[in-house]
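Single-structure report; data block below.
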Amino acid sequence: MDDRMKELWKKVKNAGKTAGVLFLTLVFAAGCSQTGETLEGTTEAFAVENVVETAAAENNMENPAADDEQTAAAGNDTAAADSYADTAHAVQIILSVDDTTISGGSGASVSQNVVTISAGGTYQITGSLTDGQIYVDADGDDTVVLLLAGAEISNKEEAAVYVENAGLTVLYLAEGTENWIVSGEDTGSLASEGEADDAAEGGAVWAKDDLLIGGSGSLEVIGFINNGIQTSNNLTIESGTITVDAVNHGIKGKDSVTISGGTIAVTSGGDGIKSDDTTGEGYGVIEISGGEIQIESRCDGIQAETVLTISGGEIQITAGGGSGDTAVASSEGWGFNGFYEGWDMEDEDTESTKGIKAGSELFVSGGTIAVDAYDDALHSNGTITVSGGSITVSTGDDGVHADTELIVSDGSITVTQSVEGLEANQITISGGDISVIASDDGINANGGSSSWGWGMGMGQTASQNASEEGQSSSEEMPLLLITGGTLWINAQGDGLDSNGDLTIEGGTVVVDGPSDSMNGAIDSGSENGGVCTISGGTVLAIGSSGMAETFSGSSEQYSFMLTLSANYTAGSTITISDADGNVLFEHTSERTFSSVIFSSPELEEGGTYQITIDGDTAEITLTSVAGSYSWSGSSSGYGNYGGGFGGNQNSGQMAGGRGGV
C-alpha cells in the first residue's frame with residue numbers, strides 16, 4: 001500500500017470510528033432511567049423476618065465524649081462521630097409497636113408510631129418499630145445524635161428515618177450492635193428486579209440537612225421505595241459496617257459525599273454512590289479517602305456531577321452488569337459507515353453504566369480501585385488526573401476516558417479488557433505503570449476541528465457534532481505526550497494513536513500492535529498536520545506492516561523501522577543487540593507481527609545493530625535519525641537479503657545474517 005493510499009485509508013477509518021463513537025454516546029450518555037428492567041446477578045431480596053435480635057438498651061461505647069456544650073458546623077466532616085455521642089446525658093428511646101417508651105430527658109415525644117425529636121442532643125434508640133418513623137425537626141443549628149444500639153425501624157409509605165430540620169444529624173452505630181432501617185414494602189425484589197417510582201423522593205434514611213454516619217456497629221438499609229441513604233446537603237461516612245440495597249440510588253448526598261472509613265456494600269437499581277447538585281461551587285462533589293467500598297449498580301457505580309476525588313480506600317465496582325455483557329468492538333468490525341458491524345444497537349437502552357464518573361474533574365492519588373463496567377470504567381466529561389493508587393479495570397468501552405485532558409504521573413493502571421484503553425483529547429503520561437489490552441486503539445488522543453480533518457465528515461466540525469450529541473468538545477490539536485513511566489499496550493487497533501501530535505520524550509513503551517493491515521502499532525495524525533517524534537525513552541512497537549508508521553526525521557533520538565518479509569506469530573522472541581553483542585532490548589510478542597519499530601538512547605548514527613527473531617537475524621547500520629528498512633527475501637526464513645531493502649524516504653544498509661527477517 002503506497003503512502004497516498006495509507007493516508008486515504010486513515011482518513012476513512014478515523015471518520016468511521018468517530019461516527020461510531022458519537023452514535024454510541026447517544027446510546028450511553030443519558031442519565032440512568034428508572035425503569036423496571038432487570039439487572040441479573042445482584043443481591044437477593046431481604047426478608048423482614050430475617051432481621052437481627054434486638055440488642056440490649058445499654059451498651060458500652062467506644063471513646064465517648066460527654067460535653068453538653070457540643071455544637072458542630074453543618075457539613076463538618078473532620079470531627080470524629082465519637083465526639084458527638086454524649087452517652088452520659090442520652091435520652092433513652094425503646095421502640096415498640098404498641099408502647100414506645102422515652103426516658104432520661106426531654107426533646108423527644110411519640111405519637112401514633114412516630115417518634116419526634118425536636119431538640120439537639122443524643123438519643124439512644126433500641127427496639128423494634130414496624131410501620132413507624134424517627135422524625136427529626138430541630139433548630140437549624142442543632143446537632144442531633146441518633147445513637148442506634150440495636151434498632152429495627154420500618155415504614156411502608158415513606159422514610160423510616162426522616163430529618164426535616166437540624167444543623168447536623170449523626171447516625172452513630174453503637175459498638176457490637178446490628179441495626180436495620182427499611183422503607184416501603186417487601187415485594188420480593190430489590191435492585192435485582194425492582195421498579196423505582198419516578199415520583200418517589202428521599203430514601204429509607206432521608207435527611208434534608210447534613211448527615212454524618214460513624215461508630216463501630218453495623219447498619220443495614222433497604223430502600224423499597226427509592227434510595228437507600230439520602231441527604232439534600234452533605235453526607236459524611238467515617239466508620240461502621242453499612243449495607244445498602246435500594247431500587248434506585250444506594251447512597252446519595254446531593255451537595256456532597258465524603259467517605260473516610262467504614263465497610264460499605266451497596267446494591268442499587270440506579271447509581272451506587274451519587275452527588276448531583278450543581279447550584280453552587282463545591283456542590284456535586286464526592287471525596288473518598290478511606291474505607292472498603294463494594295458496589296453493584298444497575299447504572300453508574302460512583303457518580304459526581306462536578307468533582308470526584310479518590311485518595312485512599314479499597315473500591316470494587318460492578319456497573320451495568322459488567323463488561324462481560326457487552327459486545328466488544330474489534331478493529332476488524334468497523335465498517336465504512338462508522339458503526340460496529342454485527343452490533344445490534346436496538347437492544348441497548350439509555351442508562352449510564354460507567355464505573356466511576358465525574359462531570360468536570362476526576363482525581364485519583366491513592367487507594368486500590370477495581371472496576372468491571374458495561375460502559376467506561378473511569379470517565380470524566382472534563383479532565384482526569386492519576387497521580388497514585390492502583391487501578392484495575394475491565395470495560396465494554398473505554399478503560400479511562402476524559403473528554404478533554406488525561407494526565408498520568410504515577411500509580412498503576414491495568415486495563416484487562418476494553419474497546420479503547422486510555423482516551424482523551426490531550427494525554428500526558430509522565431510516570432506510572434500502565435498495561436492495556438484493547439480491541440481497538442490502546443491509547444487514543446482524539447477530537448479537534450474539521451480543519452484538522454476529523455469529525456463526522458459531511459462538512460461538520462467536531463464541535464458541531466458534539467453539540468448535537470450534548471457533549472463537550474475541544475478545538476485543541478490532539479496530543480499524546482509520553483515523558484516517563486512504563487507502558488505495555490496490546491491492541492487490535494492502533495497501539496499508540498493520536499489524531500494530532502504523538503511525542504515521546506522518555507519512559508519505556510512496548511506495543512504489541514495489530515495483526516491486521518489496516519492499523520499500526522504507532523499512528524499519528526499526519527493527515528491532520530500532526531507529527532510523530534521521539535527525543536528520549538525506549539520504544540519497541542511491533543505489529544502489522546500495512547499501515548506501519550515510524551518516527552519523523554525531525555526527531556532528536558535515533559530509531560529504525562524494519563518491515564519483515566514474513567509474519568511472526570505470538571510467542572516469538574525479539575532481541576535487539578549492538579555490535580558487541582550487548583542486549584539493548586528483548587521482548588516476547590503477544591500478537592502476530594511483520595513490522596518492528598525500535599528507538600533507544602543507545603542508538604547512534606553509524607551504529608550496527610542485530611535484530612534476532614526466533615533465531616533469524618538481521619543486521620542494520622543506522623545512517624539516518626529515523627531509518628526505515630525492509631527485506632523482501634524468502635518468507636521461509638532462510639533466504640538472503642539480496643537487494644530487497646530500502647523503503648520510505650530514509651536510506652540505510654542491511655547486512656545478511658541467517659535471513660528470515
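FYI, side chains are in, hydrogens and waters are out, and symmetry mates aren't considered; it's all heavy atoms of this structure.
- Under the 30°/60° scheme for interplanar angles, the aromatic rings of Tyr162 and Trp206 are found to be tilted.
- Shortest non-hydrogen contact noted between Ser352 and Asp300 is OG-OD1, 2.8 Å.
- Minimum interatomic distance between Gly399 and Ala377 (heavy atoms only, all atoms of both residues): O-CB, 3.2 Å.
- For the side-chain hydrogen bond (donor to acceptor under 3.5 Å, both in side chains) with Asp210, the qualifying choice from Thr143, Asn234, Thr236 is Asn234, the only one to do so.
- A distance-only check finds a donor-acceptor pair linking the side chain of Asn165 to the backbone of Ala138 [under 3.5 Å].
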Residue pair Thr122, His89: steps toward the side-chain contact (heavy atoms from CB on, under 4.5 Å) verdict: CA-CA 7 Å; Thr122 299; His89 303 85; over 6 Å; no
side-chain hydrogen bond (donor to acceptor under 3.5 Å, both in side chains) between Asp372 and Ser323, worked out: CA-CA 6 Å; Asp372 185 8; Ser323 58; 2.7 Å; yes
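- No side-chain heavy atom of Ile259 sits under 4.5 Å from any side-chain heavy atom of Ile251.
- Not one N or O on the side chain of His249 forms a donor-acceptor pair closer than 3.5 Å with the backbone of Gly270.
- At least one donor-acceptor pair closer than 3.5 Å links the side chain of Ser239 to the backbone N or O of Gly215.
- Separating the CG atom in Leu129 from the CD1 atom in Ile181 is a distance of 11.0 Å, to the nearest 0.5 Å.
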Glu423 and Asn446: CA distance, side-chain angles, deciding distance, side-chain contact (heavy atoms from CB on, under 4.5 Å) verdict: CA-CA 7 Å; Glu423 184 176 48; Asn446 65 5; 2.8 Å; yes
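- A heavy-atom distance below 4.5 Å is not found between the side chains of Ile117 and Val91.
- At least one side-chain heavy atom of Phe224 sits less than 4.5 Å from a side-chain heavy atom of Val182.
- Judged by distance alone, the side chains of Gln230 and Asn227 do bring a donor and an acceptor atom under 3.5 Å apart.
- Atoms CG and OG1, on Asp255 and Thr231 in that order, are 7.0 Å from each other to the nearest 0.5 Å.
- At a cut-off of 3.5 Å, with distance as the only test, no side-chain donor of Asp137 or Ser118 sits close to an acceptor on the other residue.
- Within the 3.5 Å criterion, the main-chain N or O of Thr130 finds a donor-acceptor partner in the side chain of Asn113.
- Proximity of Trp180 to Ser154: side-chain heavy atoms (C-beta onward) are separated by under 4.5 Å at one or more points.
- Residue Tyr84 comes nearest to Val145 through the heavy atom pair O-CG2, 3.2 Å, listed as atom of the first residue, atom of the second, then distance.
- A salt bridge links Lys252 with Asp276: the distance from a Lys NZ or Arg NE/NH1/NH2 to an Asp or Glu carboxylate oxygen falls below 4.0 Å.
- The shortest distance between side-chain heavy atoms of Ile273 and Ile293 falls below 4.5 Å.
- Looking only at atom types and distance, the side chain of Glu476 has no donor-acceptor partner in the side chain of Asn425 under 3.5 Å away.
- Taking every heavy atom of both residues into account, Ala319 and Gly301 meet most closely at CB-N, 4.1 Å.
- Under the 3.5 Å distance criterion, the side-chain polar atoms of Asn155 are matched with a main-chain donor or acceptor of Glu157.
- With Glu164 contributing its side chain and Tyr135 its backbone, the two residues share no donor-acceptor pair below 3.5 Å.
- Closest heavy-atom contact between Gly203 and Ala159: O-CB, 3.1 Å.
- In this structure, Asp376 contributes its side chain and Asp398 its backbone to a donor-acceptor pair below 3.5 Å.
- The side-chain contact (heavy atoms from CB on, under 4.5 Å) test with Glu361 is passed by exactly one of Ile384, Thr383, Thr306: Thr383.
- Remark: Leu235 CG to Lys254 NZ distance equals 13.5 Å, nearest 0.5 Å.
- The side-chain heavy atoms of Asp403 and His379, taken from C-beta on, include a pair separated by under 4.5 Å.
- Among the candidates Ile310, Thr414, Leu378, the single residue satisfying the side-chain contact (heavy atoms from CB on, under 4.5 Å) test with Ile391 is Leu378.
- With values rounded to the nearest 0.5 angstrom, Ser275 atom OG is found 5.5 Å from Ile286 atom CD1.
- Between Thr395 atom OG1 and Glu420 atom CD the span is 11.0 Å, to the nearest 0.5 Å.
- Taking 4.0 Å as the cut-off between side-chain N and carboxylate O, Asp375 and Lys354 count as a salt-bridged pair.
- Remark: the Asp82 side chain and the Tyr172 side chain contain an N/O donor-acceptor pair separated by less than 3.5 Å.
- The minimum heavy-atom distance linking Ser360 with Ser380 is given by the pair O-OG, 3.2 Å.
- In terms of modelled atom types and a separation under 3.5 Å, the side chain of Ser418 and the main chain of Asp397 share no donor-acceptor contact.
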Full working for side-chain contact (heavy atoms from CB on, under 4.5 Å) between Val205 and Leu211: CA-CA 10 Å; Val205 177; Leu211 179 67; 4.1 Å; yes
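- Counting heavy atoms from C-beta outward, Leu148 and Thr177 have side chains that stay 4.5 Å or more apart.
- Judged by distance alone, with hydrogens and angles left aside, the side-chain atoms of Asn179 form a donor-acceptor pair with the main-chain N or O of Ser218 at under 3.5 Å.
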Evaluation steps, side-chain contact (heavy atoms from CB on, under 4.5 Å), between Asp209 and Thr169: CA-CA 8 Å; Asp209 292 300; Thr169 301; 5.9 Å; no
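- Inter-residue side-chain proximity for Leu146 and Val170 is flagged as unmet; no heavy-atom pair is nearer than 4.5 Å.
- For the 3.5 Å distance criterion, the side chains of Gln303 and Lys357 fail to qualify, holding no donor opposite an acceptor.
- Checking side-chain atoms of Ser256 against main-chain N and O of Tyr283 turns up no donor-acceptor pair under 3.5 Å.
- Taking CD1 from Ile264 and OG1 from Thr243, the interatomic distance works out to 10.0 Å, rounded to the nearest 0.5 Å.
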